[in-house]
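See below for the structure under consideration.
Below, chains carry the letters A, B, ... as their sequence lines are ordered, and counting in each starts from 1.
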Amino acid sequence: MLSSQPKALLKAVDGVSFTLGAGETLGLVGESGCGKSTLGRAILRLLPNIQGDVIWKNQNLITLSPNELRQKRRELQIIFQDPLASLNPRMTVGEIIAEPLRTFQPNLRNHDMKKIVQDMMAKMGLLPDQINRYPHEFSGGQCQRIGIARAMINNPELIICDEPVSALDVSIQAQIVNLLMDLQREKNLSLIFISHNLSVVRHISHRIMVLYLGKVVELTDRDRLYANPRHPYTRALISAVPLPDPNKEQKKKHTVISGELPSPLNPPSGCAFRTRCPLATDVCAQKTPPLEQIEPNHWVACHHWDESLKIAK
Amino acid sequence: MTNKPILSVENLKVVFKTPEGPVKAVNNISFTVNDGEVVGVVGESGSGKSQVFMSVMGLLATNGTATGVIRYRDIDLLGLSRDKLDKIRGRHMSMIFQDPMTSLNPYLTVERQMTEVLEIHRNMSRTEARQQAVQLLEKVQIPSAAQRISMYPHEFSGGMRQRVMIAMALLCQPQLLIADEPTTALDVTIQAQILELMRTLKRTKSNAMVLITHDLGVIAGLCDRVLVMYAGRIVEQGTVQDIFYNPQHPYTMGLLKSMPRLDVKTDRLQTIAGQPPNLQHLPIGCSFADRCQYRQDICISSKPEFRQIAPQRYKTCHLNF
């Protein structure tokens, strides 16, 4: 849970619980303002005012001292949406990638460090002899590779990927997605993949959590989510993605949900989605639907999940 | 409907002067748009897709120069004085941009921005213009349009602002509507609402539309014909069916395969290796040769022509598939 602002309380993320296994990718999807990035940052304690627990390998990150947390940061890394903005323009690529190494292995000799950095660059598909160049000399896709190299240099166990391919062109997107999947396979990395792009999330994730206004509305395995979405919001999201196939897309019945995301400062009573939901009834305004397990490994927070099949997919 | 295209572009080149030397953003392209047709223009950043239509609207940045011929009906737009161009753009053809916040004037109410157009182009009185503006806002489904018209752009959400932009572009019932990434800045459910609105516009067939986007899904749903652009050239042109089910240029093929899809499961995404060329130093041969898996010697030594391969079907590639 997270709050800030003395005047009003804005719950950006509200009562979210989930687990993540080693080597697993959890996709976080939802639209702007649903709390997906806030959640990603809260897990790493990059934000103030967090309530709740983040248990990382039997240790609660939320209660660790700053020094202890700093040591843990070696295992927990993050990459960001805007690859150029997340790299210091005054540092060379070599310095950027080596910085985490300097922090955690201050005794490493310069010569060895350079070797490690160049090996990492080669692995990321960058040219090792470009080690002395500056970020602005690289394209967006290359900058994202530099960001991933910096995140990978200390052999982390978890990487939070906050919209890592959203700013990239389609052909470059695929390169970065493949790189992340290869790294995961090789190092048994865990990934939390935050994105608004349902097609990319489907491709990379093992399990997917759908957020709406700071709350989990559906959480299940990737295939189940796309084959049998039970929350009306999930159904609407999936239906809203235009398919790159003229015959399918032009024949598709478009279920367009009306309205927009309500203000998180003043969320609707009961179910937050009820103001846009085609299935909403009185109970939705009165009671907040609990996140309930409707079949093994499939959680939904909706009073009417069993009726959601009525909405065309 | 006349047989004459509403828009025809011949041998258009756009060059930007920069401190590092000239950047060739658009390199000799030709195409037409016909009445009632929706043409999709797809390409990645830097492919020149926006600059083509900025040239059409006379909106190139001051360091950019367009040469060639751009005709709206019979009028050559590139040779036109600003005064004469202003009689056409906004009235006969109008454009919607990606970011509605930066294309609306933050100091003026929506009412003032909309009525201005009608007062200038249609000689309407303020009251008439206001009525017409409210009607259009209702048409694009802005709730309580009569009240909201007196608000400022910042009082609208992103999706609503895009609706305002569309309403504004439709004010003079233009015969050509150019939409540059109209849904890219929007969330998917809001994008779906705007696309629904555009489908309605398409159904009425009252005007021709050009839809510039990098999203092949948006193209698939709305367009009749598609131009695929790469490094300032049209690399492939065909009907939406041709482009999606029988692509003939390796770039189009690669683009279609590198997209993760909701409707098809893939184990590993195919990629197009490398990155687009530097527009300051375009290669002698094919601009895509560097990234092309079918590359031959000829692709490196000579530039492929934009050639017809079937009726309504063109490509810029030496090879046949």
Exercise: identify the closest heavy-atom pair between [X] and [Y]:
{"X": "A:Gln250", "Y": "B:Val240", "result": "NE2-CG1, 4.4 Å"}
{"X": "A:Val256", "Y": "B:Gln193", "result": "CG1-CG, 3.5 Å"}
{"X": "B:Arg261", "Y": "A:Pro244", "result": "NH2-O, 3.6 Å"}
{"X": "A:Ala240", "Y": "B:Ala192", "result": "CB-CB, 3.8 Å"}
{"X": "B:Gln241", "Y": "A:Asn247", "result": "NE2-OD1, 2.9 Å"}
{"X": "A:Asp245", "Y": "B:Ala220", "result": "N-CB, 3.6 Å"}

In terms of heavy-atom pairs under 4.5 Å, which option from A:Ser199, A:Pro246, A:Ala174, A:Gly140 contacts chain B the most?
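So the answer, after comparing A:Ser199, A:Pro246, A:Ala174, A:Gly140, is A:Pro246.
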
Option that, when pairs with chain B are counted at under 4.5 Å, heavy atom only, ranks first among A:Glu249, A:Lys248, A:Arg202, A:Met181:
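Of the candidates given, the most pairs with chain B belong to A:Arg202.
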
Quick one: pull up [atom1] in [X] and [atom2] in [Y] and give me the separation to the nearest 0.5 Å.
{"X": "B:Lys265", "Y": "A:Arg222", "atom1": "NZ", "atom2": "CZ", "value": "5.5 Å"}
{"X": "A:Asp182", "Y": "B:Arg268", "atom1": "CG", "atom2": "CZ", "value": "4.5 Å"}
{"X": "B:Leu262", "Y": "A:Ser239", "atom1": "CG", "atom2": "OG", "value": "10.5 Å"}
{"X": "A:Gln175", "Y": "B:Gln270", "atom1": "CD", "atom2": "CD", "value": "12.5 Å"}
{"X": "B:Ile190", "Y": "A:Ile257", "atom1": "CD1", "atom2": "CD1", "value": "7.5 Å"}

Quick one: does A:Asn178's side chain have a donor or acceptor within less than 3.5 Å of a partner on B:Leu269's backbone?
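Here the side-chain-to-backbone pair exists.
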
Checking heavy atoms, do the side chain of B:Glu196, its backbone, both or neither come under 4.5 Å from chain A?
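Only the side chain of B:Glu196 comes within 4.5 Å of chain A.
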
Quick one: do A:Asp169 and B:Gln275 satisfy side chain to side chain contact (heavy atoms under 4.5 Å, CB included)? Show the steps, please.
CA-CA 10 Å; A:Asp169 277 318; B:Gln275 42 198 325; over 6 Å; no

For a 4.5 angstrom cut-off between non-hydrogen side-chain atoms, does [X] reach [Y]?
{"X": "B:Leu195", "Y": "A:Pro242", "value": "yes"}
{"X": "A:Glu260", "Y": "B:Asp187", "value": "no"}
{"X": "A:Arg276", "Y": "B:Thr189", "value": "yes"}
{"X": "A:Ser258", "Y": "B:Gln141", "value": "no"}

Run the numbers on A:Gln173 and B:Met259 for side chain to side chain contact (heavy atoms under 4.5 Å, CB included), then give the verdict.
CA-CA 8 Å; A:Gln173 228 176 49; B:Met259 269 188 92; over 6 Å; no

Residue part contacting chain B, namely of A:Asn197, when any heavy atom lies under 4.5 Å
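Neither part.
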
Heavy-atom distances under 4.5 Å only: say whether A:Val200 touches chain B with side chain, backbone, both or neither.
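Both backbone and side chain.
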
